[in-house]
There are 2 protein chains.
Amino acid sequence: MARNLATGQVSIANVAALANVSTATVSRVLSGQRDKDDDISRRVKEAAAKLNYSVNFAASSLRSDVTRTIGLVIPEISEEQTPTLLLNSLSAAIREANRYLLLAIGADAERQKEDLHSLLTRGIDGLIIISSNDENLVESLDEEYKNLPIVQIGGKSLTPHINWVGTDQSEAMRMTVDHLAEQGSHAIAYLSREIESYTAADLFTTFYTQSKALDLTPDPDWVQFGPCTMERGYQAAISLFQDRRVVPDAVVCASDSIAMGVLIACKHLGLDVPEDVKIIGYGDAPACEIAQPALTSIRPMYEEIAEESVSIICDWDTNKPRMAAYQAFKPELIYRESTWSPRTGSSDMTLPGTADN
Amino acid sequence: MARNLATGQVSIANVAALANVSTATVSRVLSGQRDKDDDISRRVKEAAAKLNYSVNFAASSLRSDVTRTIGLVIPEISEEQTPTLLLNSLSAAIREANRYLLLAIGADAERQKEDLHSLLTRGIDGLIIISSNDENLVESLDEEYKNLPIVQIGGKSLTPHINWVGTDQSEAMRMTVDHLAEQGSHAIAYLSREIESYTAADLFTTFYTQSKALDLTPDPDWVQFGPCTMERGYQAAISLFQDRRVVPDAVVCASDSIAMGVLIACKHLGLDVPEDVKIIGYGDAPACEIAQPALTSIRPMYEEIAEESVSIICDWDTNKPRMAAYQAFKPELIYRESTWSPRTGSSDMTLPGTADN
DNA sequence: ATGAAAGCGCTAACAA
DNA sequence: TTGTTAGCGCTTTCAT
């Protein structure tokens, strides 16, 4: 018999029979555990190819407790584009590592907790968490999962035994403020994330420090905390600029969505961007290219962050307890028209279509 | 012993022992196969809860050949937002159905074919495909997978034994043209997808028929086929409007990205939208709210499409060979400023922030 | 280095 | 209805 009658699937026994070796040898050859390139090896590989054999995943997992599967918990894909962009890169990295991606999208912390539990009981080799709110999902984990490699991307690193990969936010802020200063800004406003988010505090500190270092005057009223939505950006800009004697000449935003809102508000108020106000976003969402003027934005190193996260999980060795990783990548600043004054850059509307396909 | 020493996991045997029943009974109670609510049932459930038991996925799959996992093959998330929006809805539907989502993102047809093979050999209960190009991925499937439920979302239904779920494109086009006619348009241009895409032909046919029915004059030069990018929309609009004596007063676009490009081009050319030209997109991407003016767009029934797709897979009965499903949902037309003339609608820029959070 | 055989944890067939 | 038991397909130990 060439195949199991029930499932219609070729099993390792069929390969073993055809290659005239034991099932153990087939397993060893195909898993790369036995890498000698002799006659046996060739026979096994030929037999496997001929029968179109592929290992039964469930059986393999059951026996070896390895699933070749990485769980990913992310918040709902919405205005905030960062998770989406990261998802692309993560998927590519996981494919490269020859692993599978088990995805759970949970809008709020409650559902994310459910997702987490669900993935863990199902069985995965590692877990990647992109948490939008800085809630500590991992706190709720049972003891039995403490030796599973877990990587948190972004947010605040809360527990020392969780690997953290993300963007060097201080560096991001430094680049932002430096760039604006270079472009001639003196009075910078800062629309941050929610104050509860731990990163917000860090960013604010850097913003404040850097502003002072450059002899800029950060007006306390100009630093505001709130949600990462376009509406919030719009409202904040209105309150910053309307009926005010002293107004900022640049607005730094914690997300591209906020920046879009500011952009729209400026147009309504008849303010020229970048002549009167410079605007800078965060995330380098595709919409930055679309905006008019195109939006300068901080671009996290999505690919590097994804690859590093996957590497941590794939190279994990349970026996060798190493310290939790902490990898902060310096982001890129993507210069566009919203911070380029006509004198410095091109005032002509460049065609934005040459973006990524 | 309360748990297996090797894996640290509680097994069904532990639960059986604590509840004083056989493992088979535990399995039956917990799987819902035995739904009587008597003492045995209670004892089993209590024991399972007490020991924090959850079934071993690999063992269950191996034995029953059920993975509770749905594979999803999608193209890379890029300018084209539709797959992203659909992903959100699909994830929600899959969670609702108490299944897992195994995601494979493949930029081109070649990689999607790899993904497909990879998912199938791994073992899934059903497969959902969102193919951007209308390539027939499923043709390449081995015979042994022919009884696996496969759902294709969107694109052209190519093989009769594949379930198809998507948008009623003819209806979409009808709504579009009707709306434009109502708004007073007489000369409509149509920027379609690539001509190779099968849907393009359908849409064009509807566009042509409907235009004629409404006594509009579809100029052959005004129907163009091409990629769904902003750049293409820009270039197309330039060629439509620049140095022409007769120009369209409305542009129907096969994607929001194209529409964005047209919008930008119109601004460059000094054309007022919607006064001089009305523009309508497809997909209702978040960017439609951002655009200035906000972009009218056709919105597919993302939630319904997702739920239907998942239902087909979950309700699949291999024994009962039924006909392949074909479910076309009528889309919504989201009216925004790009097709509302000041006389008809509001010329005042409404705040777009009230969108989905 | 290779083969024989145990057994991962569960479900389903069969027996009571 | 419940229990007993075989066995899903693989990996891995142990014996050769």
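Just so it is clear, the values below take in all heavy atoms, side chains as well, and ignore hydrogens, waters and symmetry mates. Just so it is clear: chains get the letters A, B, ... in the order the sequence lines come, proteins before strands, and each one is counted from 1.
Computed from coordinates, the A:Asp65 CG to D:dT13 P distance equals 13 Å when rounded to whole Å. Rounded to whole Å, atom C1' of C:dA6 lies 13 Å from atom CG of A:Leu62. In this structure, B:Gln33 places its CD atom 6 Å from P of C:dA12, rounding to the nearest Å. When the C1' atom of D:dG3 is taken as reference, atom CD1 of B:Ile12 falls 13 Å away, rounded to whole Å. The nearest whole Å value for the distance from the CG atom in B:Asp35 to the C1' atom in D:dT1 is 13 Å.
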What donor-acceptor contacts under 3.5 angstrom involve side-chain atoms of residues 89-98 of chain B, with partners at least two apart or in another chain?
residue : atom : partner  : partner atom : Å
B:Arg95 : NH1  : A:Glu114 : OE1          : 3.3
B:Arg95 : NH2  : A:Ile105 : O            : 3.4
B:Arg95 : NH2  : A:Asp115 : OD1          : 2.9
B:Arg95 : NH2  : A:Asp115 : OD2          : 3.1

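Taking side-chain N and O atoms only, B:Thr25 has a distance below 4.0 Å to OP1 or OP2 of D:dG3. Applying the 4.0 Å criterion to OP1 and OP2 of C:dC10, one finds that B:Ser27 has every side-chain N and O outside that range. The shortest distance between the side-chain N/O atoms of A:Arg34 and the OP1/OP2 oxygens of C:dT2 is below 4.0 Å. Proximity of A:Ser22 to the phosphate of C:dA4: no side-chain N or O atom is located under 4.0 Å from OP1 or OP2. A close approach under 4.0 Å does not occur between any side-chain nitrogen or oxygen of B:Arg63 and OP1 or OP2 of C:dG9.
Judged purely by distance below 3.5 Å, without hydrogens or angles, the side chains of B:Ser60 and B:Arg68 never pair a donor atom with an acceptor atom.
Backbone-only contact: A:Tyr53 has heavy atoms under 4.0 Å from sugar-phosphate atoms and none from a base.
Nearest nucleotide to the A:Arg28 side chain, out of D:dC10, C:dT2, C:dC10: C:dT2. Of the candidate nucleotides C:dA12, C:dG9, D:dC10, C:dG9 has the atom nearest to the side chain of B:Asn56. Nearest to the side chain of A:Ser11, among C:dT11, D:dG9, C:dG9, sits D:dG9. Set against D:dT1, C:dA4, C:dA6, the side chain of B:Lys36 has D:dT1 as its closest nucleotide.
Annotation: side chain of B:Ser61 is not in contact with side chain of A:Phe57 (no heavy-atom distance under 4.5 Å).
Test B:Leu101, B:Leu102, B:Leu119 against B:Thr69 for side-chain contact (heavy atoms from CB on, under 4.5 Å) and you get one pass: B:Leu102.
The stretch residues 38-49 of chain B has no heavy atom under 4.0 Å from DNA chain C, so no residue of it qualifies as close.
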